[in-house]
Amino acid sequence: MLLPVFYAPPENSDGVTVTLPDEESHHALRVMRLWPGSRVIVIDGLGTAFEGLIGDLVAQGSPVQVTVKNTIRNFGEPAAHLTLAAGLSVGSKFDTVVEKGTELGVKRFVPLLTEKSKVHIEDADRAAARVGRLEKVALAAAKQCRRSFRPEISAPVNLDAFLGRTDRHAMNLIFHAGPGALSLDRLSLRPNMPQVTLLVGPESGFSDEEVTRTLSAGFTPVSLGPRILRTETAGPVVCALVMNALGELS
Ligand code: SAH
């Protein structure tokens, strides 16, 4: 049986003992009904997992202490560093993209504000709240899928600012169903490719000018065929296809 996975931030561990935060302690004892001696895995969100045993409970309501037996670096992590930059959409569509993308091994999500985005985040507090919510989604998905790194959620950024920061030497792909777009199998995606960035439009797509600017910034246009996928479908699909091509799904 798979061991249950919990989260504790890095400062809760000294390498010998890990203290679970209150919410995670509650989940372990009251929801999962674990007891002293139960074997568990605790991820630190930065790419390390601790396998250990729940220690004796000091007092009613005191946090769970896990005695570390084994430290596993890069637990559940792919070798590839995949960034998914996708148009920020209304409602919970981006949450879906973060949840599925996390399961597929994405390291960083960039919510993009584009010309046709229906979302405009002028207000820093609202942007921070949205990022905070997405971080929670990413952590829950990381625990559920048994990886140790909580993917980074960048602050929402304009497409042009994002393009300005792109590493031209990495593999940069824009998914766009237009003339001249390649099919994925024409690209030389190899295992251990250090950095891959995938760009997906919001529900109303990219404007022609945005596509032109993205191509000038060194992105390769890729088509997913004749059917147009919704943005919340396209994000996870491109992650799955690229991860498979990189040898991460087998
Ligand atoms: N009405 C929009 C569709 C947007 S679909 C338009 O005409 O552009 C949302 C995003 O998913 C697109 O911007 C693109 O990045 C991606 N996408 C969906 N279907 C695709 C396909 N067949 N090929 C490549 N990208 C696709």
Side-chain angles (χ1 to χ4, degrees), residues 80-121 130 134 137-138 141 151-168 170-189 193 195-246 248-249:
H81 190 293
L82 197 66
T83 296
L84 176 63
L88 192 54
S89 312
V90 289
S92 60
K93 288 180 185 162
F94 206 88
D95 298 34
T96 306
V97 170
V98 167
E99 183 182 87
K100 309 302 173 208
T102 299
E103 292 168 34
L104 290 159
V106 171
K107 295 275 193 210
R108 183 167 71 111
F109 294 93
V110 183
L112 289 179
L113 301 173
T114 67
E115 276 171 35
K116 297 197 215 164
S117 285
K118 293 184 186 142
V119 186
H120 304 277
I121 299 188
R130 188 106 197 224
L134 294 170
V137 171
E152 182 194 331
I153 313 284
S154 301
V157 63
N158 285 316
L159 176 67
D160 291 312
F162 175 74
L163 294 177
R165 286 187 225 141
T166 301
D167 173 4
R168 280 178 164 268
M171 173 71 89
N172 299 318
L173 309 178
I174 174 173
F175 288 85
H176 179 65
L182 304 175
S183 74
L184 250 192
D185 53 18
R186 296 272 309 278
L187 302 170
S188 53
L189 288 160
M193 203 156 236
Q195 291 275 348
V196 181
T197 296
L198 310 178
L199 210 56
V200 168
E203 52 214 328
S204 37
F206 293 112
S207 70
D208 291 345
E209 295 75 28
E210 284 176 327
V211 174
T212 305
R213 294 203 296 277
T214 306
L215 299 183
S216 311
F219 278 73
T220 303
V222 180
S223 165
L224 297 169
R227 285 166 301 283
I228 301 301
L229 308 180
R230 285 180 184 270
T231 181
E232 69 273 31
T233 311
V237 163
V238 302
C239 293
L241 290 171
V242 169
M243 282 303 205
N244 189 48
L246 294 171
E248 298 285 0
L249 292 186

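Read the numbers this way: they start at 1 and go in the same order the structure lists the ligands and their atoms.
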Contacts table for ligand 1: protein N or O within a distance under 3.5 Å of ligand N or O, distances only.
residue: ligand 1; atom: 13 (O); partner: Gly201; partner atom: N; Å: 3.3
residue: ligand 1; atom: 15 (O); partner: Phe175; partner atom: O; Å: 2.6
residue: ligand 1; atom: 15 (O); partner: Gly201; partner atom: N; Å: 2.9
residue: ligand 1; atom: 19 (N); partner: Leu229; partner atom: N; Å: 2.9
residue: ligand 1; atom: 22 (N); partner: Gly225; partner atom: O; Å: 2.9
residue: ligand 1; atom: 22 (N); partner: Arg227; partner atom: O; Å: 2.8
residue: ligand 1; atom: 23 (N); partner: Leu224; partner atom: N; Å: 2.8
residue: ligand 1; atom: 25 (N); partner: His176; partner atom: N; Å: 3.4

Heavy atoms only: give me the nearest Phe162-Leu199 pair and the separation to one decimal. CE2-CD1, 3.7 Å
CG on Asp160 to CG on Leu113, rounded to 0.5 Å: 11.5 Å
Minimal non-hydrogen separation, Val200 against Phe206, with atom names: C-CZ, 3.5 Å
Exercise: identify the closest heavy-atom pair between Thr102 and Ala138: CG2-O, 3.6 Å
Compile the donor-acceptor pairs under 3.5 Å between side chains in residues 227-246 and protein atoms, sequence neighbours left out, one pair per line.
residue: Thr231; atom: OG1; partner: Gly201; partner atom: O; Å: 2.8

When you check the gap from the basic side-chain N to the acidic O, do Arg213 and Glu115 get nearer than 4.0 Å? yes
